[in-house]
Amino acid sequence: MVDDMSSEDGVPVIDLADIQGPGLERICEQIAKASEEWGFFHIVNHGVDLDLIRRTQKAYIDFFHLPTQEKRKYMMTADFEGWSSPEVYNDPDLMKFGLTTAKTCEFMYHVALSRDPNQQPALSTIPPALRPMVLEFAKEVTAAQERVLAAMSVALGLDASALQNRFGPADVGIRANYYPLKREGKTVGELPAHSDLPAIVFLFADKVPGLEIRKDERWVRVKPVADAFVVNVADCLEVLSNGRFRSAEHRGAGSEAEERISMVSFYMPSKAATIGPMDELLDETHPARFRSANFGQMGLELLSTGLKGKGFVEALRIEG
Ligand SMILES: O=C(O)CCC(=O)C(=O)O
Ligand SMILES: [Fe+2]
């Protein structure tokens, strides 16, 4: 077991090996501290099979290496699912949806899992060579996300299931970002500064650096930790925790040493969920710092306006 480990950049590293045993209390304390101070932390011994992660990563890399005309078969559609790259973002096929998020690095996005038995994702849009891996990966990552959510609930003084229940049956979206080798400092597409909207996010990009996160007024280049996921408190969690946990702005880029892929899993509240401070956290001395909103309505509106800043958090903040 690793005690209060920290990578050189200061981003906390939390060992989850004992999350279902007597270590839970200590893990909850570490998660609370990291979520309050950073909004970001690495997790090791997360329970997601490493061989599965590597196979999924390899399958995505093979996809991104295909010729453009092959990848165009999976071009993004109006529901934001599919493939996009800076090379094609002016393409009329893509622009007809007004997809501003397309102006980022090359990526592919799919909803790969739904906790709602009546609303299963349309898996036919995931390239067949990727499908079995992506589905298995999404299943394991979702289970790990729910373990971390339970620890976060306990850390907030709530029942272990409180946050997950509040989100309702989640959808989990997987976004794979591809950054080709950077040549002579030239970038071929980056992810501009943004915070993630829903709700808890796991990012896997060990080995190759490129993720930068904002800590107070400075940008910190995250040093990769082998086999770890980077956990990110997203906007919805900041609002549910009434501002105790913070979502942090971050940005992604490629490297001059190696091509880079980041696999990002978004645990999304049900569209029917109300995103607002948890009632249990409010009293006379702790008034609500945010309004409440329907996730389906507000979330999609914000996503379609593109990536910038902490849009959702700011839109709901109560001044004063
Ligand atoms: O590639 C990265 O390191 C950042 C990815 C990211 O922030 C995202 O996909 O939302
Ligand atoms: Fe992000």
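Predicted model only: the values in this text are computed from it and were never measured. Atoms within a ligand are numbered from 1 in the order they appear, just like the ligands themselves. The chain is numbered in sequence order, starting from 1.
Taking the Fe ion (ligand 2) as reference, the nearest N/O/S atom within D196 carries the name OD1. Residue H250 approaches the Fe ion (ligand 2) most closely through its N/O/S atom NE2.
Counted within 6.0 Å of CD on E280, heavy atoms from surrounding residues, nucleotides or ligands total more than 12; the atom is thus considered enclosed. Other residues, nucleotides and ligands contribute over 12 non-hydrogen atoms within 6.0 Å of the CD atom of E314.
Under 4.0 angstrom from ligand 1, the non-hydrogen atoms of F266 all belong to its side chain. Using a 4.0 Å cut-off between heavy atoms, V201 makes no contact with ligand 1 at all. At a heavy-atom cutoff of 4.0 Å, ligand 1 is contacted by the side chain of Y179 but not by its backbone.
Taking a 4.0 Å cut-off on heavy atoms, H194 registers as neighbouring ligand 1.
With a 4.5 Å cut-off on side-chain heavy atoms, M263 and Q57 count as touching.
Close contacts between ligand 1 and L191 involve ligand atoms 4 (C), 5 (C), 6 (C), 7 (O), 8 (C), 9 (O) [criterion: under 4.0 Å to a heavy atom]. Atoms of ligand 1 found under 4.0 Å from any heavy atom of D196 (numbered from 1 in listed order, with element): 10 (O). When each atom of ligand 1 is checked for a heavy atom of H250 under 4.0 Å away, the hits are 7 (O). Short contacts between ligand 1 and L203, defined as distances under 4.0 Å to a heavy atom of the residue, involve ligand atoms 2 (C), 3 (O), 4 (C), 5 (C). Numbered from 1 in the order shown, with element, the atoms of ligand 1 that lie under 4.0 Å from a heavy atom of R175 read 9 (O). For ligand 1, the atoms sitting less than 4.0 Å from at least one non-hydrogen atom of R260 are 1 (O), 2 (C), 3 (O), numbered in the order shown with element in parentheses.
Between the side chains of D62 and H65, no donor N or O sits under 3.5 Å from an acceptor N or O.
Salt bridge R246/D216: present, at least one basic N to carboxylate O contact under 4.0 Å. The existence of a salt bridge linking E106 and K71 is confirmed by a sub-4.0 Å separation between a basic side-chain nitrogen and an acidic carboxylate oxygen.
By the side-chain hydrogen bond (donor to acceptor under 3.5 Å, both in side chains) test, E146 pairs with R115, Q164, Y267, sequence neighbours left out.
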Identify every side-chain donor-acceptor pair in residues 225-232 under 3.5 Å, counting partners at least two apart or on other chains, and give the distances.
from, atom 1, to, atom 2, distance (Å)
D227, OD1, R54, NH2, 2.8
N232, ND2, D196, OD2, 2.8

